[in-house]
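Presented below is the structure to which this report refers.
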Amino acid sequence: MRKEPVLTVRVRFAPSPTGFVHIGSLRTALYNYLFAKKHNGRFVLRIEDTDRSRFVEGASENLVRILEWAGISADEGPGYNGTYGPYFQSQRTSIYKEQVEKLINAGAAYYAFDTPQEIEQMRQRQRNQGVHTPKYDYSVRDQMRNSLRLSSSEVEEEIANGTAFVIRLKIPKDRIFRFQDRIRGEVEFSSDEIDDQVLIKSDGFPTYHLANVVDDHLMEITHIIRGEEWLSSVPKHLFIYESFGWDAPEMAHLPLIFNPDGSKMSKRNIQSLDDIPAGKVDPDVESYRRKGYENSALINYIALLGWNPGKGTEQEIFMPDELVTEFSLDRVNKSRAIFDLNKLNWLNKEHLGRQPTEELVKRLEPELTQKKIDYKSDQYLYQVVDLVKSRLAFLQEFIPYSHYFFQDPEHFDEKGIRKRWKSDSAKLVLEFCQEISKLETFDVKSIEEALRRISDHHDVGAGRIIHPVRLAVTGVTVGPGLFELLQILGKETVIRRLKYAAEKLPVYKQQ
RNA sequence: GGCGCGUUCGUCUAGCGGUUAGGACGCCGGCCUCUCACGCCGGUAACACGGGUUCGAUCCCCGUACGCGCUACCA
């Protein structure tokens with residue numbers, strides 16, 4: 001009998017603020033976000049900053065900024081309001097202390113006064129007995145310095161003396177913890193494999209295990225969607241829920257994402273964006289933003305890394321809102337995925353090409369202005385962008401690719417000249433120049449007709465004129481269709497450039 | 001080592017007992033064509049292995065191998 005979800009869906013993304021957002025974290029955030037939106041639920045951002053030794057200044061602001069760039073904004077969390085706060089775990093210590101009392105009273109947790117040295121000695125003893133993974137568990141806890149063995153007056157004395165202590169979870173012996181993972185199906189663990197996990201550290205902060213259970217419960221989280229690295233911790237969490245007398249949320253553990261060579265995606269060894277070791281890939285989402293990836297393309301790609309819409313659909317390109325309607329946890333894969341930059345790049349081009357031209361114009365204008373590039377008018381820029389956008393992989397390529405639309409070429413491609421500028425080129429170009437100067441209307445059709453008249457007259461292929469003209473007008477050998485290009489440039493500009501080039505360009509020895 | 005999870009073209013994947021095992025990226029041809037890009041057409045390439053169950057297994061079960069995760073007073 002499955003209980004019907006009566007509550008609205010509430011999911012959370014709970015990163016530790018390390019200073020950067022990992023590609024894998026982005027996907028976890030995305031799946032949580034999509035799941036929430038799909039079910040009209042709430043997406044909560046919670047900062048798991050209970051490890052004070054890893055505190056990074058400004059990390060959570062940075063995190064929010066990157067998530068926002070990616071189009072993932074929270075309904076609740078730091079900077080988002082919400083009535084379940086505070087959303088920084090470091091600001092919730094009193095809550096954890098209060099809650100953990102319940103666990104102690106229920107006999108599910110206890111004080112432990114052992115020093116690190118004592119614990120190490122205990123582990124060493126176990127290793128000497130041939131135990132591979134020494135644990136602080138049922139087999140040794142009554143030999144240690146903790147409230148299980150000590151009398152209550154001794155415990156009070158230790159605390160009064162200011163002896164450092166932790167609070168540990170008393171994992172029961174011989175229990176099987178079984179649960180249904182939304183992605184993996186039934187998973188079970190034996191309690192005998194688990195040690196008495198520290199719940200409250202000696203600095204008074206909770207560990208992840210306590211904090212995430214308490215917060216998920218108090219924040220009324222209905223579904224936990226997180227990375228597979230947490231799967232092994234689930235039995236601990238289950239026992240904590242049970243001891244509190246709380247229902248555990250549904251869980252879904254996502255497979256991890258790896259480098260092309262199968263290794264873990266790590267920021268180590270990656271110094272520069274353009275110097276990434278073979279087989280590796282940059283895990284930092286910020287790098288992709290800086291490199292100029294379209295946010296929608298990255299999201300599209302990441303979504304597809306481990307999920308697909310199925311149902312015989314062969315759609316690959318999804319806009320963010322389509323992902324929301326299509327997403328389903330049931331279609332998330334079980335197996336790990338490898339990050340493939342090739343496919344991301346392809347998607348980027350597709351997304352870029354699908355952007356409305358006016359949108360791209362708007363994004364381009366500030367940079368053009370800043371670089372003092374005279375783009376004449378919005379309408380002129382629009383025409384250029386419209387003509388060129390399907391040829392760009394990144395928006396940043398626009399200026400280098402289209403500079404000649406805004407100023408006469410200063411350089412002419414050397415290889416291009418050798419290949420295309422023949423002994424008769426100047427003559428043909430000038431004739432073409434003369435022909436178009438007579439044109440009443442300067443549009444694609446009439447320009448092409450003019451050019452064909454010249455080529456017919458001299459009985460040469462159109463390419464014999466087209467290539468030199470392109471070179472003369474743009475300085476390069478690649479670009480959009482010539483006639484479209486000329487029309488946009490305008491008659492006057494074209495004639496000026498043709499005359500200049502006809503005079504200046506050298507003819508290399510005949511091929 | 002123990003425990004857990006996983007394994008379909010190089011990569012992302014479809015498949016949910018009977019298929020010429022489909023698509024996408026990449027790669028290789030070709031078409032279009034004034035170059036590049038787009039687009040179109042075609043090709044390349046996969047069920048890790050071994051046992052079962054079954055009339056029949058990519059699909060269900062069990063092993064093996066391999067990969068990954070966990071095994072902290074880190075998350």
Side-chain angles (χ1 to χ4, degrees), chain A residues 14-18 48-51 53-54 89 112 114 116 119 130-136 164-168 181 183-185 187-190 192-195 197-209 211-212 226-235 253 255-256 258 260 262-264 301 304-317 331 333-347 349-350 353 388-393 401 416 419-420 448 451 461-471 474 476-483 485:
Chain A
S16 54
T18 56
E48 311 230 325
D49 56 348
T50 56
D51 185 355
S53 66
R54 290 199 195 175
Q89 289 186 329
D114 316 276
I119 290 172
V131 179
H132 282 286
T133 36
K135 289 192 290 289
Y136 195 128
F165 66 88
V166 299
I167 295 174
R168 286 182 180 272
D181 187 272
I183 292 170
R184 280 149 220 292
V187 181
E188 62 171 51
F189 292 85
S190 163
D192 296 350
E193 304 296 331
I194 307 162
D195 67 359
Q197 180 65 52
V198 168
L199 261 20
I200 301 278
K201 295 178 269 189
S202 56
D203 65 1
F205 282 92
T207 58
Y208 173 84
H209 305 287
N212 104 86
R226 84 238 285 190
E228 192 184 5
E229 73 267 28
W230 295 110
L231 192 60
S232 303
S233 305
V234 171
H253 288 88
L256 273 18
F258 293 88
S263 62
K264 206 169 178 167
Y301 178 66
L304 254 23
L305 222 45
W307 169 87
N308 77 85
K311 293 177 296 191
T313 312
E314 280 169 0
Q315 186 177 350
E316 300 273 344
I317 295 163
R331 297 220 47 98
N333 271 297
K334 294 181 174 70
S335 54
R336 65 105 179 248
I338 284 172
F339 192 95
D340 178 20
L341 208 54
N342 255 331
K343 192 152 184 179
L344 205 212
N345 289 341
W346 170 73
L347 276 172
K349 188 163 194 163
E350 294 294 323
V388 147
K389 71 174 183 180
S390 76
R391 286 152 221 270
L392 304 177
Y401 191 85
K419 189 173 180 194
R420 301 296 193 190
E448 178 163 6
L451 189 137
R464 193 79 174 179
I465 305 171
I466 286 170
H467 294 298
V469 168
R470 174 188 299 282
L471 186 61
T474 70
V476 293
T477 56
V478 300
L482 182 70
F483 307 119
L485 182 162

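Every chain is numbered from 1 and lettered A, B, ... according to where its sequence line falls, protein lines coming before strand lines. Everything quoted here is computed from the prediction, not taken from an experiment.
Judged by distance alone, the side chain of A:Asp181 and the main-chain N or O of A:His253 form a donor-acceptor pair under 3.5 Å. A donor-acceptor pair under 3.5 Å links the side-chain atoms of A:Thr474 to the main chain of A:Val476, judged by distance alone. Counting only distance, with no hydrogens or angles, the side chain of A:Arg331 and the backbone of A:Asn308 share a donor-acceptor pair below 3.5 Å. Between the side chain of A:Lys201 and the backbone N or O of A:Thr50, at least one donor-acceptor pair lies under 3.5 Å. Side chain of A:Asp340 to main chain of A:Asn342: a donor-acceptor pair is present (N/O by atom type, distance under 3.5 Å, no hydrogens or angles).
Across all strands, A:Phe205 comes closer than 4.0 Å to no nucleic acid atom at all (heavy-atom distances). Within 4.0 Å (heavy atoms only), A:Arg226 reaches no atom of the nucleic acid at all. The residue A:Val469 sits apart from the nucleic acid: no heavy atom pair falls under 4.0 Å. Nucleic acid contact for A:Pro480: base, since at least one base atom lies under 4.0 Å from a heavy atom of the residue. A:Glu316 comes within contact range of at least one nucleobase, with a heavy-atom separation under 4.0 Å. Residue-level contact check: A:Gln197 touches neither bases nor backbone, having no heavy atom under 4.0 Å from any strand. Backbone-only contact: A:Ala337 has heavy atoms under 4.0 Å from sugar-phosphate atoms and none from a base. Using a 4.0 Å heavy-atom criterion, one finds that A:Val198 contacts the sugar-phosphate atoms exclusively. At a threshold of 4.0 angstrom between heavy atoms, the contacts of A:Pro206 are confined to the sugar-phosphate backbone, with no base atom among them. A:Ser190 comes within 4.0 angstrom of nothing in the nucleic acid, heavy atoms only. Within the 4.0 angstrom heavy-atom criterion, only backbone atoms of the sugar-phosphate kind lie near A:Arg168; the bases stay farther away. Residue contacts shown for A:Tyr401 include a base, since a base heavy atom lies under 4.0 Å away. Backbone-only engagement by A:Asn333 is indicated by non-hydrogen atom pairs under 4.0 Å involving sugar-phosphate atoms exclusively. Looking at heavy-atom distances under 4.0 Å, A:Ser202 makes contact with a base.
For A:Arg391 and B:C36, a side-chain-to-base donor-acceptor distance below 3.5 Å is present, hydrogens and geometry of angles not being considered. In terms of polar N and O atoms assigned as donor or acceptor, the side chain of A:Arg470 comes within less than 3.5 Å of the base of B:C34 in a complementary pairing. Under 3.5 Å, the side chain of A:Ser232 and the base of B:C3 form no donor-acceptor pair of N or O atoms.
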Item to check | A:Arg470/A:Leu485 under side-chain contact (heavy atoms from CB on, under 4.5 Å): CA gap, chis, key distance, verdict | outcome: CA-CA 9 Å; A:Arg470 174 188 299 282; A:Leu485 182 162; 3.7 Å; yes
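Relative to the side chain of A:Phe258, the nucleotides B:A75, B:C5, B:C68 differ in distance, and B:C68 lies closest.
When every heavy atom of A:Arg226 is checked against every heavy atom of A:Tyr208, the shortest pair comes out as NH2-OH, 3.1 Å.
Pair assignment for B:U11 gives B:A24, based on Watson-Crick or G-U wobble hydrogen-bonding distances that are each under 3.5 Å. Pairing for B:C74 is absent, judged as Watson-Crick or G-U wobble with the two contacts each under 3.5 Å. With a cut-off of 3.5 Å on both Watson-Crick or G-U wobble distances, the partner of B:U33 is given as none. With a cut-off of 3.5 Å on both Watson-Crick or G-U wobble distances, the partner of B:C66 is given as B:G6. If you check B:C60 for Watson-Crick or wobble pairing at under 3.5 angstrom, you find it paired to B:G52. Remark: B:U19 base-pairs with no nucleotide; criterion is Watson-Crick or G-U wobble with both hydrogen-bond distances under 3.5 Å.
At whole-Å resolution of the value, CG in A:Asn342 and P in B:U11 are 13 Å apart. Spacing between atom CG of A:Asp195 and atom P of B:C3 amounts to 16 Å, rounded to whole angstrom units. Atom pair A:Leu231:CG and B:G6:P shows a separation of 9 Å (rounding to whole Å applied). If you measure from atom CD of A:Gln315 to atom C1' of B:C12, you get 15 Å, rounded to the nearest angstrom. Distance, A:Trp346 CH2 to B:C38 P: 11 Å, rounded to whole Å. The CZ atom of A:Phe189 sits 12 Å away from the P atom of B:U71 (whole-angstrom rounding). Computed from coordinates, the A:Lys334 NZ to B:U8 P distance equals 13 Å when rounded to whole Å. At whole-Å resolution of the value, OH in A:Tyr208 and C1' in B:A72 are 16 Å apart.
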